Structures are given as structure tokens and as C-alpha cells.
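Report on the following structure.
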Amino acid sequence: MEYNFKEIEKKWQAVWDDEKAFAATNDYSKPKFFGLVEFPYPSGQGLHVGHPRSYTALDIISRKKRLQGYNVLYPMGWDAFGLPTENYAIKNHIHPEIVTEKNVANFKRQLKALGFSFDWDREVNTTDPAYYKWTQWIFLQLFKKGLAYKKKMSVNWCTSCKCVLANEEVVNGVCERCGSEVIHKDKEQWMLKITEYAQRLIDDLADVNYIERVKTSQINWIGRSVGAEVDFATTAGDNLRIYTTRPDTLFGATYMVISPEHPLIDKWKDLLSNFDEVMAYRAEAARKSDFERTELVKDKTGVKLSGVTAINPVNNTEIPVFVSDYVLMTYGTGAIMAVPAHDTRDYDFAKAFSLPIIEVVAGGDIEKEAFTDCQTGIMVNSGFLNGMSVEEAKKAIVQWLEKEKKGYPKVNFKLRDWVFSRQRYWGEPIPMVYCEKCGWVPLDDSELPLKLPEVEHYEPTDNGESPLATIEDWVNTTCPHCKGPAKRETDTMPQWAGSSWYFLRYCDPDNVNALAAKEALNYWMPVDWYNGGMEHTTLHLLYSRFWHKFLYDIGVVNTAEPYSKRTSHGMILGENGEKMSKSRGNVVNPDDIINDYGADTMRLYEMFIGDFEKAAPWSTSSIRGCKRFLDKIWNLQEIVVDGDYRKELESSIYKTIKKVGDDIEAMKFNTAIAAMMTLLNEIGETKAITRGEYRTLLILLNPFAPHITEEIWQNLGFEGRVYQQAWPEVDESKCKDDVIEVIVQLNGKLRDKLKIAADASKDDMLKAAYALEKVASGIEGKTVVKEIVVPGRLVNIVVK
RNA sequence: GCCGCUGUGGCGGAACAGGCAGACGCAAGGGACUUAAAAUCCCUCGGUGGCAACACCGUACCGGUUCGAUUCCGGUCAGCGGCACCA
């Protein structure tokens with residue numbers, strides 16, 4: 001009998017579809033398991049070998065949970081709005097909807113060919129109006145709660161995509177997607193107040209089981225800092241408010257710096273004798289792209305304001321005010337007090353402009369460089385703070401500031417509000433209408449979904465308007481409020497919108513009255529285990545946590561966090577150890593692997609390739625090892641005999657059951673497979689396998705290689721299907737061997753081993769050790785100083 | 001600059017509440033079967049020395065704790081990833 005994987009895999013995929021083998025049931029009395037993988041963007045290139053790494057891992061976990069009696073929801077869908085599809089549509093004059101349909105069909109074919117146990121009855125698609133109706137609905141709720149607002153602001157503008165980007169989408173000053181230059185542009189944009197949730201997004205990480213690096217990345221990204229805002233009086237009469245994390249160093253503030261965009265500059269126009277120079281500097285700063293601005297980090301530039309000076313509140317010293325682009329308008333108050341003695345940037349600036357440098361924390365050498373490592377130390381040159389520790393000084397100065405009404409404690413975040421508008425066609429229309437009389441008015445819920453209009457051209461316009469802006473009979477509408485003439489919002493939502501809540505839709509995908517029924521959400525949420533890429537840590541993962549918290553606040557969902565566990569897989573690299581890419585020519589196509597080796601081998605190899613959390617290079621020759629393993633499993637059919645576990649194999653089998661089960665939970669798939677290989681080798685040595693042993697082996701292997709195990713199961717005439725069986729129980733008492741091997745050391749070095757009863761006493765072990773010839777010769781003529789005996793493990797004799 | 005992670009055979013990788021370093025697999029070499037090849041099966045496979053039993057060295061580098069360190073601690077070097085003028 002030949003292992004014909006092509007035939008077998010096709011056969012069982014059809015059987016599973018037919019039997020709806022992996023459909024989650026709505027029996028809410030059973031224990032549930034919600035396993036989730038990031039739904040893919042259905043690109044024209046099809047599946048990448050990286051996708052199945054994550055999908056196989058959670059498929060294994062989901063299949064095991066089913067065998068353990070859980071009601072499992074393991075769904076799949078399509079995050080199908082987005083630029084590549086739109087660009088392809090523009091280039092080839094095909095409607096993006098048709099492109100999407102084609103790509104989805106291809107992806108689905110590939111996923112089915114890998115035998116994943118997705119519940120295809122719950123498939124979702126973000127571009128389906130029945131789905132994006134609820135994306136729009138959530139937006140309207142955000143608007144109604146004041147968390148969506150329109151604001152004219154400087155935004156990141158990709159010169160090639162002709163589209164606004166969120167801060168998160170700008171990488172090293174260029175567009176994350178196309179690599180083109182990103183410049184600043186003033187535009188009216190819809191914004192979402194994610195900043196309102198900043199503190200909770202940090203705090204609630206304590207309640208979820210995410211891998212540590214995801215937590216730290218999110219915490220760093222949100223960037224909480226504790227300090228104070230302080231008002232400096234100015235000769236212009238206005239207070240200049242600054243933010244600092246080091247109010248204790250106030251006596252060391254020898255000048256101030258405000259951002260080029262700071263509004264006080266315009267207010268002070270008539271007071272500034274060098275206003276023109278300041279404006280020229282502002283224009284220069286605006287012209288610079290983010291890339292240039294960060295490239296020029298070393299050289300500090302700036303202009304001193306002539307005509308206005310500030311007064312340091314602690315000592316009434318008059319200090320100059322500068323404009324410099326090293327101070328950002330978007331953080332704090334857009335103004336700082338400069339303490340050059342204890343800040344590298346201020347130090348550089350002070351040196352460049354020959355400004356005084358006053359040490360206020362003792363310990364450094366400010367002649368040479370800024371002393372920044374000053375969280376501890378003693379205050380000097382600081383009036384009433386002198387002699388205090390930094391910690392005491394922080395408290396004392398804030399108390400003083402509050403008493404004098406010149407400042408107060410303040411917490412700041414690096415996190416910015418989320419720029420939510422895109423000037424593109426292929427996204428969810430924002431369901432808002434602008435009325436001259438009523439302002440921005442939300443559509444009524446009954447008008448959802450607001451569908452994308454059919455258009456001839458999807459090209460973005462050069463003036464930065466969305467393609468939708470040119471469709472007059474769509475744009476012109478009536479105001480839902482006053483029924484007067486009004487215009488629709490023509491921007492669409494970013495790709496992150498649809499993916500911010502998709503897991504909720506899986507709970508009840510066909511609901512027309514709500515994004516999902518309350519009972520379904522209460523039962524299935526939170527997601528028990530979510531696996532995905534590290535690249536989504538500060539984008540999708542943070543955005544979806546924010547939306548979920550909002551939905552929690554308005555009573556839609558009953559958990560404050562969407563995911564109780566988050567893990568992450570390493571990338572699969574090309575055979576040469578570099579990232580797979582078309583330009584490097586090292587891309588592996590899953591279709592080829594399935595064709596040459598079969599889906600079971602492909603799945604097994606992707607799990608065996610290495611530590612799941614780490615990147616690993618692809619190796620075509622190593623796949624053969626996994627294929628050989630399955631061949632051997634198959635060939636066991638020729639030596640099968642009646643019977644249950646044989647005595648000599650019993651403990652190995654129980655140990656393997658335990659190891660495979662534990663390793664799956666710990667995502668140590670590589671060692672789980674190794675354990676099964678070891679057991680197979682052991683069985684192989686006996687030239688026979690009993691039906692009882694085979695049965696267990698097939699169940700253990702089934703989550704990894706579902707097709708071949710079902711086929712053998714059927715061939716052997718076992719009842720039902722493997723997927724309907726129960727995961728084998730571990731009999732702990734039978735995992736133990738009666739006789740164990742103990743290592744014997746002299747001075748910590750291995751000298752010999754001995755076989756002894758597992759429950760031998762320390763004395764027995766020691767006696768047995770001394771009886772060894774190598775021990776006897778090793779201690780001859782020496783004194784025994786110490787004897788260390790670890791029961792069940794080792795004997796170590798220390799001699800001098 | 002800051003934060004995080006990683007350094008183990010020819011390769012992917014095991015092992016670490018401190019206790020046999022190199023499980024499992026790949027590649028390589030030798031042998032069996034075969035007219036031959038593929039497939040399969042058996043053996044060898046970190047280094048040095050030795051005919052051998054065996055000995056010594058070996059988990060990036062230097063040091064420490066310990067009877068014993070790949071594992072813990074301190075320092076150095078290298079690589080990867082993220083953030084980056086955030087006051």
C-alpha cells in the first residue's frame with residue numbers, strides 16, 4: 001500500500017467539509033475555546049509560507065482542544081480593504097471588488113489545501129457591506145461619545161500613495177508600504193481619541209497573558225511619563241507653560257525653547273524685532289521631512305526671540321527664549337525649560353549658543369558633558385532645595401509650585417490620537433454628512449451600511465481629495481438633521497478599522513440586528529488565545545484593544561480586554577537566512593511544497609523547523625526528514641498486530657503522551673514532534689506495533705498531520721474518525737521507570753553511571769557508587785571530603 | 001542614545017527550579033540490498049591524543065558563586081529587532 005498523500009488529503013478535506021467536522025456549536029453550556037489567528041490581507045501573490053506557521057500552530061492547539069472536549073471556535077476571514085488591491089485595480093482597470101473576490105478564492109483554496117480546521121461557516125470579509133455596516137456603526141458610536149472629531153492638523157502625507165498615514169505607518173520618515181517620501185501637510189482629518197484610553201491601555205496589560213515583549217513594546221509606545229507643568233512669566237505678559245519630568249532641576253533652567261509652530265510666536269509678532277527671522281526658521285522647519293529632521297539630529301539650530309524674555313519662577317532670573325525644531329509642538333506644551341547641565345540636547349544647544357550651564361545635581365562633570373544619569377544625587381545651586389536628594393527635591397518643588405500657583409503635577413503620553421481618514425476609494429466610507437447649518441451630522445443607524453458608490457476611476461486626486469469627492473450625485477445629499485442640502489464625507493477609513501473588531505463578528509457572523517448577539521459575545525469572548533506577528537504590536541493590537549474598551553464602556557461587550565492570551569511566531573526566512581522577498585529571489589511557494597510533499601509534511605515541517613517564537617531559515621532538504629517520518633508512520637500498517645500497550649513500551653508511551661500534550665500548550669511544537677519521532681524509533685526496533693499503540697500514536701499525531709492519521713485510522717477499521725476521539729489521559733504512575741540510571745561524579749566530573757532501583761535510598765546509592773571500579777581507583781590515596789547524593793539523579797564524591 | 005532579545009557541532013535545533021552537553025532532524029562518510037540508480041535498512045559523525053579501554057578540552061569572551069555552571073551573578077564583544085530631539 002502506497003502513501004498517496006495527494007489522494008488522501010483531497011479525500012479527507014472533502015469529508016471534513018461534508019461532515020462540518022470543525023463547526024463551532026452554539027451550545028453555550030459546553031466549555032469553550034476561542035482560538036484566533038490574524039486574518040490575512042488577500043494579496044495577489046497568494047499565501048506565503050509565513051502564514052501557515054501561525055495558522056498551523058493554532059490549528060494544532062484547536063484540534064487538541066476539540067479532542068479534549070471543548071467547543072472550539074477557530075475562524076478565518078479576510079482583511080480585504082487596502083491599497084495593493086486598489087492599486088492593482090487602477091493599473092488593470094478592474095473593480096477592486098472583483099480583484100478581492102479573485103484573491104480571496106485563491107487564498108481559500110490554499111488554506112483548504114493545508115487542511116486547517118477553520119469553521120468556514122463563520123468566514124467574514126471586511127469589504128462585505130453586511131460586515132462594514134458594523135464598522136461604520138462603531139464609528140458613529142465613537143462620534144456620539146465625542147471620541148471621533150475632525151481637526152485641521154499637520155498630517156503625514158505619502159507623496160506616492162497620495163494619502164494620509166497614521167504616525168504608526170511612517171517608518172524612518174518614509175511610507176511603510178511603498179517606501180516613498182512622507183511630508184507634512186495641513187488637512188482636515190477625522191481623529192479618534194485613543195489618548196483618552198492611554199492609561200487604561202497600560203494598566204490593563206496587568207490582567208492579560210501576553211508574551212512580555214508585546215507588553216513592553218506597547219508600554220514604550222504609549223510612553224507614559226510623570227512630571228509637572230510649570231508657568232514661566234514673560235516680559236510680554238503671557239505665561240509660557242512648559243512640561244518637564246524634572247521640576248527638581250528648575251534652578252538649572254538657563255533659557256527656554258519653544259517649538260517653531262508655537263502659537264505665542266504669532267501673538268508676539270509686534271513685540272519681536274526679529275519676527276521675520278523667526279518666520280523664516282518656521283518655514284524651514286516645516287519644509288523638512290521627518291527623515292531630514294531626524295537625520296540632522298546632531299546639529300542644533302534655532303533663533304533667539306528678540307523682544308521677549310521669560311522669568312524663572314524659582315529665582316526671578318530673566319532668561320532668554322529660543323525657537324528650535326528640537327522641541328515638538330505635538331508633545332507636552334510645545335515649550336520646554338532648558339537645563340543644559342543635565343540634558344544632552346540642551347547641553348549641545350547651550351554650547352552652540354554660548355549659554356550658561358548651571359549644575360544642580362552634584363556628581364557629574366559638566367565641563368565635559370551633560371550629567372544625565374542623575375535620578376539620585378544631592379541638589380546644589382538650587383536655593384531652598386540645596387542638600388536634598390533628587391527624590392525629596394521633586395516632592396518639595398511640586399509642593400512649592402502648587403502653593404504659589406505656578407505649576408502642578410502632570411502625566412504625559414507619547415501616544416497620539418489616531419488619524420482615521422484616508423483619501424482613498426477602497427475603504428469603508430465614513431458615514432458622516434456636513435451641513436452648513438448643523439455642522440458634522442452622523443447618518444442614522446437605519447441608513448447603514450453606507451455603501452461605496454460604483455465609480456469609473458479609483459485614482460487618487462492630486463489635490464489630496466478622495467476619489468469619492470468627484471462623484472457629485474453621491475457627495476450631494478440631505479442633512480439627516482435639518483433636511484437641508486449637505487455633503488457627504490468623502491474620505492474613507494484606514495485598513496485598521498475593519499480589523500479592530502473582526503473577532504467579535506466571528507461569534508455571530510450573520511447577525512443583522514447587532515454586530516453580534518449579546519449571548520454569543522458573552523459566551524465566546526474573550527479570545528482565549530491569539531497568535532500573530534510582532535509587527536502588529538503597536539498598530540492592530542493596540543487599536544483593537546482601544547475599540548474593545550470603548551465597546552465595553554458602552555455595554556456592547558462584557559470583557560474589558562479582547563484577548564486573554566497573545567503569543568507571537570518568528571518569521572520564516574529564505575534558505576539563505578535573509579527575509580523572503582521577490583527581489584531576493586528566495587520565496588518559497590506553499591503550493592509547490594504541498595504538491596511535492598503533501599500538506600501533512602508541510603504542516604509538520606513548519607512546526608519542526610525550530611523554536612516557534614524565533615525566526616528560522618527555510619530548508620528544503622530538512623522537509624524530507626518530516627516526509628520520512630510520515631512514511632514510517634504509514635508503513636507501520638504492514639507490521640500491525642493485535643494487542644494493547646506492550647509492557648516494555650508502556651512508560652515510553654505515557655511519557656510521550658505527556659510530553660506532546662505539554663509541549664503543544666507551551667508552543668514547543670518542535671520538541672513535541674521530536675518526542676513522537678523518538679517513540680516511533682523505539683517501536684520500530686521491535687519490528688511490530690500493536691493496535692492499541694497505533695491508536696494512541698494516531699491521536700497524538702492527528703493535530704499535526706490530520707489527513708494521514710484519518711486515513712490510517714480508517715484502514716485499521718477503528719470506529720468513527722480521529723477528530724471525534726478523546727485526547728489520551730496521562731497515567732502519571734506509569735510514566736515512571738522502576739530502574740533508573742544515576743550518574744556518578746568525582747569532584748563534579750562524570751566518571752561512571754549505575755543502574756539502580758528508582759526508589760533506592762541515599763545510602764544504597766552511595767554504596768552502589770563506591771562499589772564501582774572507577775570510583776575506587778579515583779579515590780585511592782585521597783580523602784573523601786564530601787558526599788552529595790541527589791535521589792533519582794546523581795552521586796558526587798568530593799575528594800582531596 | 002534608550003528598551004528588548006539572541007550567541008551551543010558542517011546545518012536547523014535539544015537540554016537549564018544548577019546535575020550525563022549535542023535529544024530529534026538535515027547534510028556528510030562507510031556498508032547492505034540492486035545489473036545499476038532511486039527508495040529502504042545498518043553503522044560512524046564536536047575537537048585533540050591513543051591500536052584500544054580511555055584521557056583531556058569544548059555551549060561567544062573574561063571573571064565570580066558552587067561539590068558541580070550552557071543554565072545563576074558581574075563585565076566585555078558580536079548579531080538581531082523595536083523606539084528614537086517625547087523634555
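Values in this document were obtained by computation on a predicted structure and should not be read as measured data. Each chain gets a letter, A, B and so on, in the order its sequence line appears, and its residues count up from 1.
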Once you round to the nearest 0.5 Å, how far does [atom1] of [X] lie from [atom2] of [Y]?
X	Y	atom1	atom2	answer
A/Asp231	A/Tyr408	CG	OH	7.5 Å
A/Phe612	A/Glu606	CZ	CD	9.5 Å
A/Ile60	A/Glu665	CD1	CD	12.0 Å
A/Leu573	A/Asn586	CG	CG	8.5 Å
A/Ile683	A/Ile653	CD1	CD1	5.5 Å

Practice prompt. Specify whether A/His540 and A/His536 have parallel, tilted or perpendicular ring planes, treating 30° as the upper limit for parallel and 60° as the lower limit for perpendicular.
Written response: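 A/His540 and A/His536: perpendicular rings.
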Answer with base, sugar-phosphate or nothing: what part of the nucleic acid does [X] contact at a heavy-atom distance below 4.0 Å?
X	value
A/Ala615	sugar-phosphate
A/Asn681	sugar-phosphate
A/Lys579	nothing
A/Ser619	nothing
A/Ile743	base
A/Thr216	nothing
A/Lys753	base
A/Ser217	nothing
A/Ser225	sugar-phosphate
A/Arg224	nothing
A/Lys774	sugar-phosphate
A/Asp611	sugar-phosphate
A/Glu741	base

Which of the following nucleotides, [options], is nearest to the side chain of [X]?
X	options	result
A/Asn796	B/G12, B/A14, B/G68	B/G68
A/Ser622	B/G19, B/C26, B/C85	B/C26
A/Ala674	B/C26, B/A87, B/A23	B/A23
A/Tyr331	B/A55, B/U6, B/A87	B/A87
A/Arg628	B/A15, B/G19, B/A27	B/A27
A/Arg751	B/A55, B/A15, B/C67	B/A55
A/Met677	B/A14, B/A87, B/C24	B/C24
A/Asp325	B/C85, B/A87, B/G13	B/C85
A/Lys614	B/A87, B/C24, B/U6	B/U6
A/Trp221	B/G19, B/C83, B/C67	B/C83

Discussion item. I want to check one thing: is the phosphate of B/A15, taken as OP1 and OP2, less than 4.0 Å away from some side-chain N or O of A/Lys668?
Written reply: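 Result: yes.
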Pairing nucleotide - [N], Watson-Crick or G-U, each distance under 3.5 Å:
N	value
B/C45	none
B/C5	B/G79
B/A39	none

Rounding to a whole Å, what distance do you find between [X]:[atom1] and [N]:[atom2]?
X	N	atom1	atom2	result
A/Leu205	B/G4	CG	C1'	16 Å
A/Leu794	B/A69	CG	P	13 Å
A/Arg624	B/C24	CZ	C1'	18 Å
A/Leu630	B/G25	CG	P	13 Å
A/Glu638	B/C41	CD	P	12 Å
A/Lys749	B/C67	NZ	P	16 Å
A/Asn670	B/G22	CG	C1'	15 Å
A/Asn220	B/C83	CG	P	10 Å

Worksheet entry | Closest non-hydrogen atom pair, A/Pro260 against A/Val327 |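 Closest heavy-atom pair between A/Pro260 and A/Val327: CD-O, 3.9 Å.
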Worksheet item: Of A/Val361, A/Asp365, A/Val360, which meets side chain to side chain contact (heavy atoms under 4.5 Å, CB included) against A/Phe371?
Response: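 Only one of A/Val361, A/Asp365, A/Val360 forms a side chain to side chain contact (heavy atoms under 4.5 Å, CB included) with A/Phe371, namely A/Val361.
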Worksheet item: Closest nucleotide of RNA chain B for A/Arg213 versus for A/Lys632: which of these residues is on the 5' side?
Response: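 Result of the comparison: A/Arg213.
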Discussion item. Quick check: on RNA chain B, is the nucleotide nearest A/Val798 upstream (toward 5') of the one nearest A/Leu750, or the reverse? Name the residue that is more 5'.
Written reply: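 Upstream on the strand: A/Leu750.
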Worksheet item: On a plain distance test, is the side chain of A/Glu212 in donor-acceptor contact with the base of B/G4 below 3.5 Å?
Response: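 A donor-acceptor contact between them is absent.
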Practice prompt. Report yes or no: is there a donor-acceptor pair, N or O only, under 3.5 Å between the side chain of A/Lys414 and the base of B/C83?
Written response: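 Answer no: no donor N or O sits under 3.5 Å from an acceptor.
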Practice prompt. Report the glycosidic orientation of B/G9: syn if within 90° of 0, anti in every other case.
Written response: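 Judged by the O4'-C1' to base torsion, B/G9 sits in syn, the angle falling within 90° of 0.
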